[in-house]
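A quick write-up on the structure given underneath.
Computation of the quantities below employed the complete heavy-atom set of this structure, encompassing side-chain atoms and omitting hydrogens, waters and symmetry-equivalent molecules. Throughout, a chain's letter reflects where its sequence line sits, starting with A, and its residues are numbered from 1.
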Amino acid sequence: MPVVADILIPLALDTAYSYAVPAGLDLAEGDIVQVPLGPRETIGVVWGLDERASGGNLRPVTGRVEAPPLSDALRKLVDWLARYTLAPKGSALAMALRLPDETARNEAPRIGVRTSGKPPARQTAARSKVMAAAADGAVRGKSALAKEAGVSLSVVDGLIDDGALETVALMPEPVALPPDPDHPRVPLSDAQADAAHALIGNAPSPTEVAAGETILLEGVTGSGKTEVYFEAVAECVRRGRQALVLMPEIALTAQFLDRFAGRFGVRPATWHSGVGGKRRERLRAGVAAGEVSVVVGARSALFLPFRNLGLIVVDEEHETAYKQEDGVHYHARDMAVVRGKIEGCPVVLASATPSIESRVNAQSGRYRHVALPGRFGGRPLPDIAAIDMRLDKPERGRFLSPPMVNAVKATLAAGDQALLFLNRRGYAPLTLCRACGHRYQCRNCSTWLVEHRFRRALVCHQCGYAERKPEACTECGAFDHLTPCGPGVERIAEEVTALFPEQRIVVLSSDFPGGAERLRQELETVAAGDCDIVIGTQLVAKGHNFPHLTLVGVLDADIGLTSGDPRAAERTFQLLQQVTGRAGRGERPGRALVQTYQPEHPVIAALLSGDADRFYEEEIWAREAAGLPPFGRLAALIVSAEEREKAEAHGQALARVADPPAGVSVLGPAEAPLALVRGRWRFRLLVKTERGIDVQSYLRDWLARGPKPRGNLKVAIDVDPQSFL
DNA sequence: AGCACGCCGACT
DNA sequence: GTCGGCGTGCTC
């Protein structure tokens, strides 16, 4: 009987296609093969094999591709992912296959140099430095040699032309050197050692290290969580297995890689969108061969073909950046847990401010909970106090209340650094005409236009629409009546400059002039202490450590509490907890002052009490009462199109056929259902279901009954604990 | 993802 | 009369 292979092709196809296996071709599941598809040849993966009586009219498999087959574990992951996210199976496969990128530029061949034995024709001071450095005759990289000799590259090039140095082709740089789990390190504190022990256990064999178990590692900022999970990574490496550390892309900084190097002697292999071309392929190959033992990467690293995965760590597990919002909509933290189950390896979720769902899973016993109670080295957590803005009003037109100003003064007098946090970019969130009352609103969205004084523009933070700030009111024509209402960081900077004219002040937001690179430099400057007052948006809440910072002033803790997002409380608490936790991480203790109009609000009260458990208890209770995740599910149909009208019309048409069964409610378009994301308008239809309902089937059915998306209009399904906004 | 097929506008 | 725009549909 002829052998038939079901081949899954990495395209947006939901089913595998059947092909005849030619006699003599011995295939196994997972093999990568070439198959004809229409007029061309494509690559695919053997998803199933069986003998069938009929099937003689199938096209034959062209042949096997010389590449390591896709492991059972990865195929299971692809199946699981496609089923859960409702993405076509082929699209899920594409993420695990990521074919060698033809367009990727080839790596420049590396050239090494060594002394040829011939002295330079002409000797100069710079040249003799180079010759001295190269005197041992060893092969070095050109730039390494130049650096060692303390001269520029052109001197080395000159000596090559001269013939005093000869060039040798070098093997390409290894993707990663092996990390040393027993590299000398700073001793752990007792609390850290206990936590590390809880992650590793004293199991004699790797399989006993909590196979397939998920552990929530919770520790306040500065508690040294990283060092704790490094121990788990070290133990994993000692046992000859591979470890994957997932991080939000923005957290993959040189600072973190250096910390890793401090523990393991070398920097880890890294995987993120910036790693391209040959290097990407070599890293994949190294991972597949089991030669690369530790990978630190962004969410896509989850689909690397590990041969022998022994541990997954998801750092900052609460981060929203783990959510992929285009193509296949998935949450990398959850997929990490799934992969851990499939591979039979433990998964560590680390965070100072875990997501509600992870806390609930820890409480219910689905995850093990390991907590680090205090900061490393016995350093105190910052004192947090509220400034009730109803009692301590700022002067008219000002936004810093007198106690806040005094606290900044005292901090500066002590020679320390202060951070004023306001999560609002620009100058003023609203512009109003005092003559006619007109409020400047986005023509696309329902949001106010934010004044950016530096750019002299009114900007929509929702869709990016911008217009020049008018001289006179565009409605009534009155001059000098346009009034900015409320503060953004630019306006705070103006106020702070007036209050502290002598101090070095810096504003850090994503609008930072000069782009990401300049911003990075500026963060270094702040970390070094070459700045007195930092005014920043959420950008300063994470990442860089500022050792000189002893005061964090939150200027408006109430922002975000009324956004309509069911996760508003959680997000606000996480953000405020993180930003206040930045104070006092250096030598001197820190404190935080929080300006608020509602100190009794549960989120603010919990923050002030310094008792995070209190927040989680209350929020979990509130979620349960409201049937919100993780006690029910939120899912969304996301309609996207280039034209706003198209997206909206299709969304409304879908809404009309919703017809939800018992236990499912369509919350309809939220307050601002339209958002412009990378040039496409998105319209979201939000669905809430009770626990235990098969949302996937319902959404699929809903889509089938609705109008077919036409043109370049697309409908995506988002089933996830974080599918809202 | 490609690639063809098809149905409407401005050109040798 | 055709060249070509891209919207639509199919590929075992």
Side-chain angles (χ1 to χ4, degrees), chain A residues 1-65 67 69-70 75 78-79 81-82 85-104 273 276 280-281 300 303 324-330 639-651 653-654 678-681 700 703-704 706-717:
Chain A
M1 270 204 281
V3 181
V4 173
D6 291 322
I7 309 292
L8 188 60
I9 294 160
L11 299 177
L13 300 168
D14 207 20
T15 52
Y17 285 171
S18 302
Y19 289 85
V21 180
L25 184 62
D26 195 18
L27 288 182
E29 290 186 358
D31 280 351
I32 320 254
V33 292
Q34 202 183 54
V35 290
L37 182 70
R40 73 213 132 104
E41 292 280 321
T42 342
I43 211 165
V45 177
V46 179
W47 223 249
L49 283 167
D50 60 300
E51 292 188 12
R52 271 177 226 167
S54 64
N57 51 351
L58 292 175
R59 297 178 77 179
V61 172
T62 310
R64 202 207 321 266
V65 172
L70 205 68
R75 274 179 289 131
V78 165
D79 280 336
L81 175 68
T85 62
L86 294 172
K89 247 184 206 183
S91 306
L93 174 65
M95 303 207 293
L97 264 189
R98 206 53 61 78
L99 307 167
D101 195 352
E102 323 271 324
T103 60
S273 57
R280 204 175 169 91
E281 275 324 296
S300 58
F303 298 97
Q324 172 138 88
E325 293 264 29
D326 49 30
V328 181
H329 291 229
Y330 71 95
V639 181
S640 70
E642 265 149 49
E643 298 120 86
R644 180 201 149 97
E645 291 73 24
K646 264 188 154 182
E648 187 154 23
H650 196 82
L654 271 174
R678 256 161 286 152
R680 295 180 69 87
W681 286 96
R700 198 163 252 168
L703 270 190
K708 298 274 162 293
R710 295 160 30 82
N712 62 12
L713 187 142
K714 289 199 173 69
V715 181
I717 299 173

[X] (side chain) donor-acceptor with [Y] (main chain) under 3.5 angstrom:
X        : Y        : answer
A:His329 : A:Glu325 : yes
A:Arg75  : A:Leu70  : yes
A:Arg64  : A:Asp26  : yes
A:Thr85  : A:Leu81  : yes

Contact interval (first through last nucleotide) of DNA chain B with protein chain A, 4.0 Å heavy-atom: B:dA1 to B:dC3
Quick one: side chains of residues 9-24 of chain A, donor-acceptor pairs under 3.5 Å with protein atoms, not counting sequence neighbours, listed by atom name and distance.
from	atom 1	to	atom 2	distance (Å)
A:Asp14	OD1	A:Lys89	N	3.1
A:Ser18	OG	A:Asp6	OD1	2.8
A:Tyr19	OH	A:Pro36	O	2.7

So, A:Glu41 versus A:Thr62: side-chain donor-acceptor pair below 3.5 Å or not?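 Per modelled atom types, A:Glu41 and A:Thr62 side chains form a pair under 3.5 Å.
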Can you tabulate the close N/O pairs, meaning under 3.5 Å, that link protein atoms to atoms of nucleotides 8-12 of chain C?
from	atom 1	to	atom 2	distance (Å)
C:dT8	OP1	A:Arg710	NH1	3.0
C:dT8	OP2	A:Gly711	N	2.3
C:dT11	O3'	A:Gly38	N	3.0
C:dC12	OP1	A:Pro36	O	3.4
C:dC12	OP1	A:Gly38	N	3.4
C:dC12	OP2	A:Arg59	NH1	2.8
C:dC12	O3'	A:Ser18	O	2.9
C:dC12	O3'	A:Arg59	N	3.4
C:dC12	O2	A:Ser18	N	2.6

Which heavy atom in A:Val639 sits nearest to a heavy atom in A:Gly651, and how many Å separate them?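 Residues A:Val639 and A:Gly651, closest heavy atoms: CG2-CA, 4.1 Å.
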